[in-house]
Amino acid sequence: MDKPNAIITGAAKGIGKAIAKRLKKEGFFCILIDVDQENGKELTKEFEGSAKFFNCDISSEKEVNLLFEELLHEYGKIDVLVNNAGIIRDNVIWKMPVEDFDKVLDVNLKGTWLMCKMAGEIMRKQSSGRIINITSRAWLGNRGQSNYAASKAGVVGLTRVLALELGKYGVLVNAVAPGLILTDLTQKLPQNVLEKLIEAQPTKSMGKPEDIANVVAFLCDEKTQFITGQTIYVDGGKSIGAGI
Ligand code: NAI
């Protein structure tokens, strides 16, 4: 295949879907990964031959290993990996069951690590590649998200280490930290909570999935060189701190 390819996890909807659409526009063949088969397959149809859907739970070592066996067989190379799949199970720590800690860490951190391990090895051998991990501004701290913030802080640490380990092999690894973005994930929040969150934004607004896709496209671009190990905030300024 002449086209560069890009794996996007959690591509069936929200930010992942916007990233996939943008990378298709940039000329990538998109390898769409999700556990949501219905939306994943539906989206693949829209891509008219420039995408293929693979059903894979990124938190399962077995499924990830099988996925990469298939991908290597079919494409023989991986140019870009965007680790976007993520979940929330919010609660204050005294009400949070340990299962909700495990589940969030399993998908957001272990799943991202498993995908990086497999793709990173292929990229190391081919001496090229880009990895973009979607973390969250919440890694800096959000009440009710001890599991989620810890998982996303882990993703920032993972990104920095992989930039060190893979840099000399021509592989650039960066993270994008979205703030409040309008997707199913944030639409699940109670209206009054959402209003308070918007009010706390320096921009007094939410971002769109396309705002994240834009920065991912920049980080994947051949012309973008010499940036690695960084976390780029796309959060309407929320990461600056208290705006009072
Ligand atoms: P979403 O809930 O709309 O979509 C997430 C996708 O990931 C879904 O299609 C889901 O099926 C898939 N997924 C979940 N678990 C999976 C697994 N084990 N294996 C494979 N696929 C799986 O979420 P959204 O809002 O698009 O978020 C995307 C990423 O951006 C996540 O990592 C999230 O933590 C992060 N983020 C989102 C923010 C927001 O405001 N929406 C803010 C900061 C970060």
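Side-chain atoms are counted along with the backbone in the values below, which use heavy atoms only and exclude waters and symmetry mates. Note that ligands are numbered from 1 as they come in the structure, with each ligand's atoms numbered from 1 the same way.
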For [atom], grab the closest protein heavy atom and report residue, atom and distance to one decimal in Å.
atom	result
atom 7 (O) of ligand 1	Gly10 CA, 3.3 Å
atom 2 (O) of ligand 1	Leu185 CD1, 3.8 Å
atom 26 (O) of ligand 1	Ile15 N, 2.8 Å
atom 16 (C) of ligand 1	Val35 CG2, 3.8 Å
atom 1 (P) of ligand 1	Lys13 CE, 4.0 Å
atom 5 (C) of ligand 1	Gly86 O, 4.0 Å
atom 40 (O) of ligand 1	Ile181 N, 2.8 Å
atom 19 (N) of ligand 1	Ile58 N, 3.2 Å

**Request:** Apply the test side-chain hydrogen bond (donor to acceptor under 3.5 Å, both in side chains) to residues Asp100 and Asn147: give CA-CA distance (whole Å), side-chain angles for both, the deciding distance (0.1 Å), then the verdict.
**Result:** CA-CA 8 Å; Asp100 285 357; Asn147 53 357; 5.8 Å; no

Is a side-chain donor or acceptor of [X] paired with a backbone partner of [Y] at a separation under 3.5 angstrom?
X	Y	answer
Asn108	Ile87	yes
Ser239	Asp235	no
Asp79	Asn5	yes
Glu63	Asp57	yes

**Request:** Tell me, please: is Ile212 in heavy-atom contact with ligand 1, that is, under 4.0 Å?
**Result:** no

**Prompt:** More than 12 foreign heavy atoms under 6.0 Å from CD of Glu38: is that the case here?
**Reply:** no

**Atom CD1 of Ile93 with >12 non-hydrogen neighbours under 6.0 angstrom** =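 No.
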
Consider every N or O of [X] and every N or O of ligand 1, then say whether any pair is closer than 3.5 Å.
X	result
Pro178	no
Ile33	no
Lys152	yes
Asn84	yes
Ala11	no

**Region of Thr183 engaging ligand 1 - heavy atom pairs below 4.0 Å** = side chain

**Message:** Tell me the contacting part of Thr186 for ligand 1: side chain, backbone, both, or neither, using a 4.0 Å heavy-atom threshold, strictly below.
**Reply:** side chain

Atoms in ligand 1 with a heavy atom of [X] nearer than 4.0 Å:
X	value
Gly179	38 (C), 39 (C), 40 (O), 42 (C), 43 (C)
Val107	15 (N), 18 (N)
Cys56	19 (N), 20 (C)
Asp57	17 (C), 18 (N), 19 (N)
Tyr148	33 (C), 34 (O), 35 (C), 36 (N), 43 (C), 44 (C)
Ile87	14 (C), 15 (N)

**Request:** Using only heavy-atom distances, determine whether the side chains of Thr159 and Asn133 contain a donor-acceptor pair under 3.5 Å.
**Result:** yes

**Asked** Is it the case that Asn39 and Asp36 place a side-chain donor and acceptor less than 3.5 Å from each other?
**Response**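 Side-chain D/A pair, Asn39 to Asp36: present.
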
Which heavy-atom pair separates [X] from [Y] by the least distance, and what is that distance?
X	Y	answer
Leu23	Ala217	CD2-CA, 4.1 Å
Asp106	Ser59	O-CB, 3.4 Å
Asn174	Ile227	ND2-O, 2.9 Å
Val171	Arg124	CG2-N, 4.2 Å

**Request:** With sequence neighbours left out, write down each residue that passes ring-ring contact (aromatic ring centres under 6.0 Å, His included) with Tyr75, or none if nothing qualifies.
**Result:** Phe29

**Item:** Options Leu182, Asn39, Asp34, ranked by nearest heavy atom to atom 8 (C) of ligand 1, top entry
**Value:**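 Closest candidate by heavy-atom distance is Asp34.
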
